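To start, the structure itself, in structure tokens.
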Protein chains: 2
Amino acid sequence: MDATDIKILTLLQEDASISIAELAQKVNLSQTPCWKRIQRLEASGIIQKRVALVDPEKVGLGLTVFVSIETNDHSGSWLESFAEFVSEMPEVMEFYRMAGDVDYMLRVVVSDMAAYDGFYKRLIETIPLKNVTSRFAMQRVKATTVLALKASK
Amino acid sequence: MDATDIKILTLLQEDASISIAELAQKVNLSQTPCWKRIQRLEASGIIQKRVALVDPEKVGLGLTVFVSIETNDHSGSWLESFAEFVSEMPEVMEFYRMAGDVDYMLRVVVSDMAAYDGFYKRLIETIPLKNVTSRFAMQRVKATTVLALKASK
DNA sequence: CTTGAAAAGAGCGGCCA
DNA sequence: TGGCCGCTCTTTTCAAG
């Protein structure tokens, strides 16, 4: 992955609706090799997919909550079913297994407190958890899907 | 925004490379009205933009860190410059002002511990902060940009 | 990698119901 | 609104330098 690939990725991460002609021009290539690079990046999975980003506020999903979870039971099969259950909750945008004091970390997006309460009840009713801490966002200062890329390999 | 718009948004959130013809078929419309709905959704800002999602692991950005920040100084101008400084750090993917014990919450993506250490030093050297807690992710179980939409208005 | 070009396909817009 | 039917532009492939 050379500097040109990084340029292409950076531009496509910011706007994937750009035409190949314009993209090629911005990275100082003609269409054909530019197109081939994109194909390669897609085939290798570096570009996972192209998606439309929806404004959460405009569709009534204005409440973001970070949820820290501590668990008791740590058996392998329990963890697996826990992971699957949480993954399937549509309000969960991100779900990480953590190192340290917190076992899991979620970012949850809902319409309002009432909706979060519903989510919370579903979460704790279905699964026995040692501790669940909810932290509520007042303001989204920055949210991006653009990774800062550096040359490698 | 009716049920058809929601279908369109859901499909485009999952895959924006789909053609209008195929999309129209999936929502039981012909191309023109389907296309017009997409235009309307884009003009109104409900669809913010179309982007390419890059696999962080494949570009050597395998370390995700959640950073909780408590601040001392709460003067308006200080907060503004803090927000701007943090927003401009490319490692910061998400940045929220919070309610409660934690003042700010970041999700930071870097290549490894050394890179995180560099980020951390830049953060605390530049700005006086009361408390900064870093929590490290071991495993990304789920990460999506797809909002779960419900009918409204 | 470049240019050029051509076939296939998709986006876009008018017009009618 | 939604649907039919073109026109236009892009994407995609190919050949040759």
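Values below: all heavy atoms of this structure, side chains included; hydrogens, waters and symmetry mates excluded. All figures in this text were calculated on a predicted structure; none of them were measured in a lab. We name chains A, B, ... by the order of the sequence lines, and we start the count at 1 in each one.
- Nucleotides of DNA chain D nearest to A:S19 and B:S30 differ in position, and the one nearer the 5' end is that of B:S30.
- Using a cut-off of 4.0 Å between Lys/Arg side-chain N and Asp/Glu carboxylate O, A:E94 and B:R140 are scored as not salt-bridged.
- The distance from atom CD1 of B:I38 to atom C1' of C:dC12 is 12 Å, rounded to the nearest whole Å.
- Between A:E42 and A:R37 no salt bridge is recorded (no basic side-chain N to carboxylate O distance below 4.0 Å).
- Salt bridge A:R135/B:D103: absent, no basic N to carboxylate O contact under 4.0 Å.
- Using a 4.0 Å cut-off between charged nitrogen and carboxylate oxygen, A:E14 and B:R50 do not count as a salt-bridge pair.
- For A:I20, whose side chain is taken as the heavy atoms from C-beta onward, the closest listed nucleotide among D:dT11, D:dT1, D:dG3 is D:dT11.
- For the pair A:T10 and A:I8, the minimum side-chain heavy-atom distance is 4.5 Å or more.
- At whole-Å resolution of the value, CZ in B:R40 and P in C:dG13 are 16 Å apart.
- For the pair A:N28 CG and C:dT2 P, the interatomic distance rounds to 9 Å; values are reported in whole Å.
- In this structure, B:A21 and A:P33 both approach DNA chain C, and ranking their closest nucleotides by distance from the 5' end singles out A:P33.
- Atom P of nucleotide D:dT12 and atom NZ of A:K36 are separated by 13 Å, given to the nearest angstrom.
- A close approach under 4.0 Å does occur between a side-chain nitrogen or oxygen of B:Q39 and OP1 or OP2 of C:dC12.
- Contact between the side-chain N/O atoms of B:R37 and the OP1/OP2 oxygens of D:dG2 is found at a separation under 4.0 Å.
- Rounded to a whole Å, the CZ atom of B:R50 is 16 Å from the P atom of D:dT10.
- For the pair B:W35 and C:dC12, the criterion of a side-chain N or O lying under 4.0 Å from OP1 or OP2 is met.
- Judged by distance alone, with hydrogens and angles left aside, B:T32 brings a side-chain donor or acceptor within reach of the base of D:dC4, the pair sitting under 3.5 Å.
- B:L12 places its CG atom 10 Å from the P atom of C:dG11, with the value rounded to the nearest Å.
- Rounded to an integer number of Å, the gap from B:Q31 CD to C:dA10 C1' is 8 Å.
- Across the protein-nucleic acid pair, A:L23 atom CG and D:dC9 atom P stand 20 Å apart, rounded to whole Å.
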